[in-house]
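Notes follow the structure.
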Amino acid sequence: MKTLHILVLHGPNLNLLGTREPAHYGATTLACINQQLIELGKELNIEINHYQSNHEGELVDRIQQAGADGIDGIIINPAAYTHTSIALRDAMLASAIAFVEVHLSNIHKREAFRHKSMLADAAIGVVAGFGATSYLLALRGLKTELSNTDE
Ligand code: DQA
């Protein structure tokens, strides 16, 4: 079975996980989430690349680069850009790479402005509300999806 290459993108303020609003985002640090993804990736024969930025354009650059890097799928938590960024939506559509949108919190249980996502309708799926586990569920889902399209 061929090794899948998955890029995990984390948007603004997610570098603060561990201390940032733990009631919404839990106590797990970003480094710990990345480590958990790498470990699950080893079990599933997936190589994980991860990247965090507080800057919209840097995230766009990374998405544009993903095709050239041979990335098979993207897991993205666009954080606040979820609700505002046509640029991230356009970058994902231009890349034509299958992706899953992830949120630690259940955005539909929160303020109305968080209910809208600029990316969700272009995603394979959305996982929200399970804290750090949202990322692991997304990885399993993406793996299943990419393995099915491979056949
Ligand atoms: C978030 C939800 C967003 O509304 C928020 O701006 C974030 C994190 C989440 O993971 O729950 O920064 O994407």
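When reading the values below, keep in mind they use all heavy atoms of this one structure, side chains included, and skip hydrogens, waters and symmetry mates. Just follow the structure's listing: the first ligand is 1, and inside any ligand the first atom is 1.
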**OP:** Compute the shortest N/O to N/O distance between A80 and ligand 1 and return yes if it is under 3.5 Å, no if not.
**Re:** yes
**OP:** Identify whether the distance between the nearest side-chain nitrogen and carboxylate oxygen of D121 and R89 falls below 4.0 Å.
**Re:** yes
**OP:** Return yes if a side-chain donor-acceptor contact under 3.5 Å exists between S95 and Q64, otherwise no.
**Re:** no
Original post:
Any N or O of R114 that comes nearer than 3.5 Å to an N or O of ligand 1?
Top reply: yes
Original post:
Without hydrogens or angle criteria, can the side chains of H10 and N34 be said to hold a donor-acceptor pair below 3.5 Å?
Top reply: yes
Original post:
For ligand 1, which atoms, with element, lie under 4.0 Å from some heavy atom of I107?
Top reply: 2 (C)
Subject >> Geometric N/O contact L104 with ligand 1, under 3.5 angstrom >> reply: yes
**OP:** Quick one: look at N77 and ligand 1, take heavy-atom pairs under 4.0 Å, and tell me if it's side chain, backbone, both or neither.
**Re:** side chain
Subject >> Nearest non-hydrogen protein atom, atom 12 (O) of ligand 1 >> reply: R20 NH2, 3.0 Å
**OP:** Measure the distance from atom 1 (C) of ligand 1 to every protein heavy atom, then report the residue, atom name and distance (to 0.1 Å) of the closest one.
**Re:** H103 ND1, 3.7 Å
Original post:
Under 4.0 Å between a Lys/Arg side-chain N and an Asp/Glu carboxylate O for E111 and R114?
Top reply: yes
Subject >> Sub-4.0 Å heavy-atom approach of H83 to ligand 1 >> reply: yes
**OP:** Report yes or no: do H50 and Q52 form a side-chain donor-acceptor pair below 3.5 Å?
**Re:** no
Original post:
Near S105, which atoms of ligand 1 are under 4.0 Å from a heavy atom of that residue?
Top reply: 2 (C), 9 (C), 11 (O)
**OP:** Compare all side-chain heavy atoms of E56 with those of L59 and state whether any distance is below 4.5 angstrom.
**Re:** no
Original post:
Got the closest protein heavy atom to atom 7 (C) of ligand 1, with its distance?
Top reply: Y25 OH, 3.5 Å
Original post:
OH of Y51: more than 12 outside heavy atoms within 6.0 angstrom?
Top reply: yes
